[in-house]
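These notes concern the structure reproduced below.
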Amino acid sequence: MTAGWTEDRVGALKKLWLEGQSASQIAKQLGGGVTRNAVIGKVHRLGLSGRATPSQPARAATTFRPARTRTTPPVQPSAPRRIEAAAPAPRPVVPPPPIAAVAELPGTATVMTLGAHMCKWPIGDPSSTEFSFCGRRASEGVYCVEHARVAYQPQIKRGGKEELARSLRRYI
DNA sequence: CCCTGATTCGC
DNA sequence: GCGAATCAGG
């Protein structure tokens with residue numbers, strides 16, 4: 001039995017993923033012979049990668065991966081399937097804490113209606129029923145222009161917690 | 001060795 | 001589109 005991704009399952013996947021559940025945990029909860037690889041694969045296909053709520057571990061994409069090369073026969077020298085892979089595309093590692101730090105209007109998207117090209121900036125408590133997403137057109141990465149500015153902060157001036165708190169405070 | 005997500009690529 | 005295999009890291 002191949003577990004097709006029904007809307008129900010996709011919805012559950014989105015919910016759990018954005019709640020901060022790990023891929024393996026989600027796979028276990030979904031059951032039906034779904035592996036964590038399947039979950040991760042689906043997450044990426046949905047454009048949900050780079051979630052805003054990291055789990056317990058801080059292990060995301062810490063460093064750039066040159067990607068794997070299993071048994072790649074030298075097909076053709078000039079066959080770049082992914083141009084982006086060559087460039088160190090700046091990706092948001094961890095956005096500011098969304099919980100209790102969002103003083104914006106409620107998002108227009110819910111976990112069920114959130115599309116692949118909608119801003120995935122979380123608004124509110126993920127465990128709350130009022131939890132929503134910005135939902136505007138995703139411009140830069142998974143966020144809209146406005147939120148991309150926050151997520152893609154080039155760097156935060158070092159100076160300890162005080163500086164960090166001050167930096168984040170500019171957006172709340 | 002446990003875990004995490006990311007990516008590629010055959011299907 | 002799907003996901004196993006693989007990679008890279010904590």
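Only heavy atoms go into these numbers, but all of them, side chains included; no hydrogens, no water, no symmetry mates.
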Open item on the list: Using 30° and 60° as the class boundaries, would you call the ring planes of A:W121 and A:Y143 parallel, tilted or perpendicular?
Closed with: perpendicular
Task: Residues that A:T108 engages under side chain to side chain contact (heavy atoms under 4.5 Å, CB included), provided they are two or more places apart - done: none
Task: Selection from B:dG5, C:dG1, B:dT7 that lies nearest to any side-chain heavy atom of A:R36 - done: B:dG5
Task: Salt bridge flag under 4.0 Å for residues A:R149 and A:E140 - done: no
Open item on the list: Less than 4.0 angstrom between a side-chain N/O of A:S49 and OP1 or OP2 of B:dA6, yes or no?
Closed with: no
Open item on the list: Whole angstroms only, please: what is the CH2-P distance between A:W5 and C:dC2?
Closed with: 8 Å
Task: Distance, rounded to the nearest Å, where A:R9 contributes CZ and C:dG1 contributes C1' - done: 15 Å
- [ ] Could you tell me the separation between the NZ atom of A:K28 and the C1' atom of B:dT4, rounded to a whole number of Å?
- [x] 16 Å
Open item on the list: Measure CD/A:Q21 against C1'/B:dG5 and give the value in whole Å, please.
Closed with: 15 Å
- [ ] In whole angstrom, give the distance that lies between atom CG of A:L46 and atom P of B:dT7.
- [x] 15 Å
Open item on the list: Please determine whether a side-chain nitrogen or oxygen atom of A:T35 lies at a distance below 4.0 Å from atom OP1 or OP2 of C:dG3.
Closed with: no
- [ ] Take atom CG of A:L30 and atom C1' of C:dG3, then tell me their distance rounded to the nearest Å.
- [x] 14 Å
TODO: Output the single nucleotide from C:dG1, C:dA5, B:dT7 whose closest atom is nearest the side chain of A:I40.
DONE: B:dT7
TODO: State which of B:dA6, C:dC2, B:dC3 makes the closest approach to the side chain of A:N37.
DONE: B:dA6
TODO: Return the value, rounded to whole Å, for the distance between atom NE2 of A:H44 and atom P of B:dC9.
DONE: 16 Å
Open item on the list: Please report the distance, rounded to the nearest Å, between CZ in A:R45 and C1' in B:dC9.
Closed with: 12 Å
Task: Candidate list A:K42, A:K28, A:Q29, A:R9, test side chain to side chain contact (heavy atoms under 4.5 Å, CB included), partner A:V34, passing option - done: A:R9
TODO: Not counting sequence neighbours, which residues clear side chain to side chain contact (heavy atoms under 4.5 Å, CB included) with A:A109? List them please.
DONE: A:T113, A:L114, A:M118, A:F133
TODO: Tell me which nucleotide among B:dG5, C:dC2, C:dG3 gets nearest to the side chain of A:K42.
DONE: C:dC2
